[in-house]
J.: 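The structure is given below, and queries will be raised subsequently.
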Amino acid sequence: MIKIQKKSFNLEEEIEKIKNKHSDIGALTSFVGYVRDLNNNKDVNYLNLEVYEEMAFKELSKIENNATKKWSLIDTLIIHRYGKLTVNEKIVLVCCFSQHRKNSFEACEYIMDYLKKDAPFWKNEFYYKNNEWLENSKQSF
Amino acid sequence: MIKIQKKSFNLEEEIEKIKNKHSDIGALTSFVGYVRDLNNNKDVNYLNLEVYEEMAFKELSKIENNATKKWSLIDTLIIHRYGKLTVNEKIVLVCCFSQHRKNSFEACEYIMDYLKKDAPFWKNEFYYKNNEWLENSKQSF
Amino acid sequence: MKIRYFAWIRDITKKDNDVIDINHPKTLEELKDYLENMYPELKKHFLQDVIRFAVNQEYVSKNLNLKPIDEIAIFPPVSGG
Amino acid sequence: MKIRYFAWIRDITKKDNDVIDINHPKTLEELKDYLENMYPELKKHFLQDVIRFAVNQEYVSKNLNLKPIDEIAIFPPVSGG
């Protein structure tokens, strides 16, 4: 399942909604990305996160389908937020549900790598006096 | 932080308690293990999970310290339950908080591998007619 | 043909999108020429090869043929996650 | 000296622990002999080398010296997580 939304999310609720559908799940690996107070040695105030929504759905679906096939996942969940996000807020959640843990770990890392590389989101990071558009290729990809 | 407890846990609450302490966290990888309805081709009814509690604290602390040093983690959380756990219940939670995602992924998988290998917990799995003590070396370690 | 702009590309174009109703570019190369003419600042970025193009929400790299109903998006390297 | 039993080891000993107050074993090998004598069914498992030992909550493999105040735990392969 893919959700692109402005509002935040509750990890327990989002995960239970999926988990409740399947009694054969033994393992869940999940990743949460947060807005940090410091990036590239600059004090961050907030982010403005922009999305090309129609394309983001398509790209994330492709990545999700690839991971599901490759690692026989039972279910997946990707939530990506957009809009104004202040320090400490959640940005993204990726969940990979499988029978055994190795598959969920590998799939979750794979989805995050491709999400960072291809999903059409852009962070405009606001510091106290100026702002800057980030690029993942320059970050710790 | 290490918790060994009978009762279940709420992912959002447990994670937020740690996250709230640090504004430099950019990445959280977490793993949840659940009781599956089917194991080794047998219908599982419930588990009775036994722990050598004093030793489990010591072992998990060592594993946590090793991971924290090796991957410069900002914080960690391990919750492991014991007692009677029925199908679909959470068994374990491992959270690794770091600045960037690679470190949190690698550390979380490392902690789970060593927890499975060395932490003194034993699953007594109850089927409809009998029961069996599990061994991780025979499973998908 | 609709051309959509994102992130700092939009800071250059000063708008979200352009719609080309007549004499639309037939290829991606023709579209680049068209845009360089309209927004001269884009030229240096096209030359640096950092800009990404999507046609109907799919990444494209080769110089494919464009149709009047296509939605083309132009954007810098992404930074989600 | 306290000897603690876990999982199916306890199914064999039928109790959680034994306390040895006098003539306590001086080494792990002496302890194994003592336990094999008390619980003959343990012998085959000791021979298969699947049983793990912990002294004062730390895994041990070599035949170290035991002290009267030690807590020794005997258990099968773990299955947590």
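Keep in mind that what you see is a predicted model, and the values were worked out from it rather than measured. Throughout, protein chains are lettered first and strands after them, A, B, ... in sequence-line order, and every chain is numbered starting at 1.
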J.: If we define contacts as heavy-atom pairs under 4.5 Å, which of B/L11, B/V32, B/L28 has the most with chain A?
T.: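 Ranked by contacts with chain A, first place is B/L28.
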J.: Checking A/I15 against chain B: side chain, backbone, both or neither under 4.5 Å from a heavy atom?
T.: side chain
J.: If you tally heavy-atom pairs under 4.5 Å against chain B, which of A/C96, A/G33, A/A27, A/S104 wins?
T.: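 Ranked by heavy-atom pairs under 4.5 Å with chain B, first place is A/A27.
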J.: Between A/F31, A/F97, A/F9, which residue shows the highest count of heavy-atom pairs closer than 4.5 Å to chain B?
T.: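 Winner by heavy-atom pair count: A/F31.
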J.: Measuring heavy-atom distances to chain A, does B/C95 have an atom under 4.5 Å in its side chain, in its backbone, in both, or in neither?
T.: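 B/C95 has no heavy atom closer than 4.5 Å to chain A.
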J.: Would you call B/D118 and B/K58 a salt bridge, taking side-chain N to carboxylate O under 4.0 Å as the test?
T.: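 No, B/D118 and B/K58 are not salt-bridged.
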J.: Check this for me, if you would: do A/E14 and A/K17 make a salt bridge, where the nitrogen-to-carboxylate-oxygen distance has to be below 4.0 angstrom?
T.: yes
J.: NZ of A/K21: more than 12 outside heavy atoms within 6.0 angstrom?
T.: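 Atom NZ in A/K21 is packed in, count exceeds 12.
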J.: With ring pair (Phe, Tyr, Trp, His ring centres under 6.0 Å) as the criterion, how do B/H80 and B/F121 come out once you've worked through the C-alpha distance, each side chain's angles and the decisive distance to 0.1 Å?
T.: CA-CA 9 Å; B/H80 204 304; B/F121 293 90; 3.6 Å; yes
J.: Name the option with the most non-hydrogen atom pairs under 4.5 Å to chain B; the candidates are A/I25, A/V87, A/L38, A/V35.
T.: A/I25
J.: Under 4.0 Å between a Lys/Arg side-chain N and an Asp/Glu carboxylate O for A/E125 and A/K42?
T.: no
J.: Decide, yes or no, whether a salt bridge links A/K19 with A/D75 under the criterion of side-chain N to carboxylate O below 4.0 Å.
T.: no
J.: Heavy-atom pairs under 4.5 Å with chain B - which of A/N20, A/V94, A/N88 has more of them than the others?
T.: A/N88
J.: Please classify the contact between B/Q99 and chain A as side chain, backbone, both or neither, with a heavy-atom cut-off of under 4.5 Å.
T.: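 It is both, since atoms from each part get that close.
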